[in-house]
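Data first, discussion second: the structure below is written as structure tokens.
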Protein chains: 2
Amino acid sequence: MNHISIDCVIFGFNNNELKVLLLHLKYSKEYSLPGGFLKYDETLEQAAQRIVRERTGLDKLFLKQFKVFSDPERSKSNKAILDADMAGSKPDKTFFDKRFISVGFYSLVDFRKVKPTPDLFSDRCDWVSLNEDVSMLLDHKQIIQEAISTLRLQLNQQPIGLKLLPRKFTMPELQTLYETILGRDLDRRNFQRKMLNYNILDKLKERKTGGAHKSPYLYSFNMERYQKALEDGLSGIW
Amino acid sequence: MNHISIDCVIFGFNNNELKVLLLHLKYSKEYSLPGGFLKYDETLEQAAQRIVRERTGLDKLFLKQFKVFSDPERSKSNKAILDADMAGSKPDKTFFDKRFISVGFYSLVDFRKVKPTPDLFSDRCDWVSLNEDVSMLLDHKQIIQEAISTLRLQLNQQPIGLKLLPRKFTMPELQTLYETILGRDLDRRNFQRKMLNYNILDKLKERKTGGAHKSPYLYSFNMERYQKALEDGLSGIW
DNA sequence: CCAAAAGTGTTTTCGCTACACCCATGA
DNA sequence: TCATGGGTGTAGCGAAAACACTTTTGG
């Protein structure tokens, strides 16, 4: 019989870096994606909400299915390590011999609102920058890569900026977010013009102070117009 | 325990219409998507290949996961009908009471190469035009709709023309395919120019004869350039 | 006062749109 | 011969790319 699990790639944006919320496993000293199993009367979406809620303290987050991972070898890819590290530890050793089919979800959250919370098997729950190359459980590194690819493709169809940024943000912050997801630089002036032409941002009177240079204006999303614009997709290729 | 099933939306293009390969069930007289269960040592992709092979006689087809359907109610949506129609018939009645999680795949095939083959539960295997409104099992109608939406979104990222058309095809045929997927008309001349500008087609010396009017040129995809172009996505919004 | 970041504007180029004319074919 | 579909070309417009100058800020 197949086990259905869920793995969540929770993205946050902080300090001009895209980060993923990961659990640091007590026994294997590796990082793992927050995950869990589907309960009998849940939809996958409800299960993913539950998993994300338990790690972030937040409810009703933006979540999207992006791929199912079903390679029978996937639960074995790290088996040697697991066997060694988990000997005599709490989880049942044979548990990891079973086959897992995992549905990948990605989630977009406001970094500052999250309270990272470890689970029973982990000693820490950390935001890990995508630049950091940490050791990860099973095929979780690959799952993150797939999530980013999806994010890139859906940049114009999903409310990515809205969900990842705080309510008030600056244009350079929004641009860096786009650049991070796309993996390439964008022209500052063209970016700003294009964004403003979408007519989905409200320019606020305030500026962001405290930076070392000229203080940028703050913007916020105009929810109504943003929602409407997304229905057709924000035209244009970045 | 959850059952994992697979449903395949097999698209073909014929007579200037987009069609789906469906099974006509013996007992319920409804149409059903070709589907099946995941075997223990298969990936989902391998299982989908197997399912599609059994219905079409073709191997190594283009297949793509597009969504997982996990609503606990989905196997019940047609339950009344099932209970009535299947009373006393072969499949175990309680079988359909269980919960099904189904992974949706779509496949793109060359219509002319397919040999539609029914399975044990069906008396026919038919190509059904998307315009026809036939009665369908469970939520299969909705699954087809989701497949088309995905197709539309991925029109510029997936080799949709290549897989759905025969090796040699005319520009009007390619255009009709695009129009069908997008659900709207396109300008004949602009379509041709844009397509040719992608530089992925080879114009052949031959023309297609037999039509009632001026004989159109035949084209074929230049595999090498097409493959390369798809990596970035064919830019532009149709 | 100066380096670095941010605000703003202009020119040019390219692609998309909208349209018109001619040609070939089988009925 | 003619209706229909298919091949091909062009003018105009708008969005995107490329690019420069000025302003603000903390150090």
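Numbers restart at 1 for each chain; the letters A, B, ... are given by sequence-line order, proteins then strands. For clarity, every value in this text was computed on a predicted model and none was experimentally measured.
- Looking at B/K168, B/R167, B/K203 one by one, the single match for side chain to side chain contact (heavy atoms under 4.5 Å, CB included) with B/Y219 turns out to be B/K203.
- Applying the 4.0 Å criterion to OP1 and OP2 of D/dT25, one finds that A/S215 has a side-chain N or O inside that range.
- What separates CG of A/N197 from C1' of D/dA16 is a distance of 11 Å, to the nearest Å.
- The distance from atom CE of A/M195 to atom P of D/dA17 is 13 Å, rounded to the nearest whole Å.
- The side chain of B/K208 contributes no N or O atom lying less than 4.0 Å from OP1 or OP2 of C/dT25.
- Counting atom types as modelled, B/R189 pairs no side-chain N or O with a base atom of D/dT10 as donor and acceptor under 3.5 Å.
- Whole-Å rounding puts the B/L186 CG to C/dA18 C1' distance at 14 Å.
- Proximity of B/C125 to B/T117: side-chain heavy atoms (C-beta onward) are nowhere separated by under 4.5 Å.
- Computed from coordinates, the B/Q175 CD to D/dG5 C1' distance equals 12 Å when rounded to whole Å.
- With the nearest nucleotide of DNA chain C identified for both A/H213 and A/R193, A/H213 has the one nearer the 5' end.
- In this structure, B/R207 atom CZ and D/dG6 atom P are separated by 12 Å, rounded to whole Å.
- Checked by distance alone, B/R188 brings no side-chain donor or acceptor within 3.5 Å of a matching partner on the base of D/dG5.
- Taking side-chain N and O atoms only, B/Q192 has a distance below 4.0 Å to OP1 or OP2 of D/dT8.
- A sub-4.0 Å separation between OP1 or OP2 of C/dC16 and a side-chain N or O of B/K194 is present.
- B/E179 has its CD atom 14 Å from the C1' atom of D/dG5, to the nearest Å.
- Residue whose closest nucleotide on DNA chain D sits further toward the 5' end, between B/Y219 and B/A212: B/A212.
- Going from atom CD of B/E173 over to atom C1' of D/dG5 covers 13 Å, rounded to whole Å.
- Separating the CG atom of A/N190 from the P atom of C/dT12 is a distance of 16 Å, rounded to the nearest angstrom.
- Aromatic ring centres of B/Y198 and B/Y226 lie farther apart than the 6.0 Å criterion allows.
- Side chains of B/Y106 and B/Q158: a donor-acceptor N/O pair is absent below 3.5 angstrom, by distance only.
- Looking at heavy atoms from C-beta onward, A/L164 lies out of side-chain contact with A/F169 at the 4.5 angstrom threshold.
- Counting atom types as modelled, A/D187 pairs no side-chain N or O with a base atom of D/dA16 as donor and acceptor under 3.5 Å.
- One finds no side-chain N or O of A/K214 lying less than 4.0 angstrom from the OP1 or OP2 phosphate oxygen of C/dA4.
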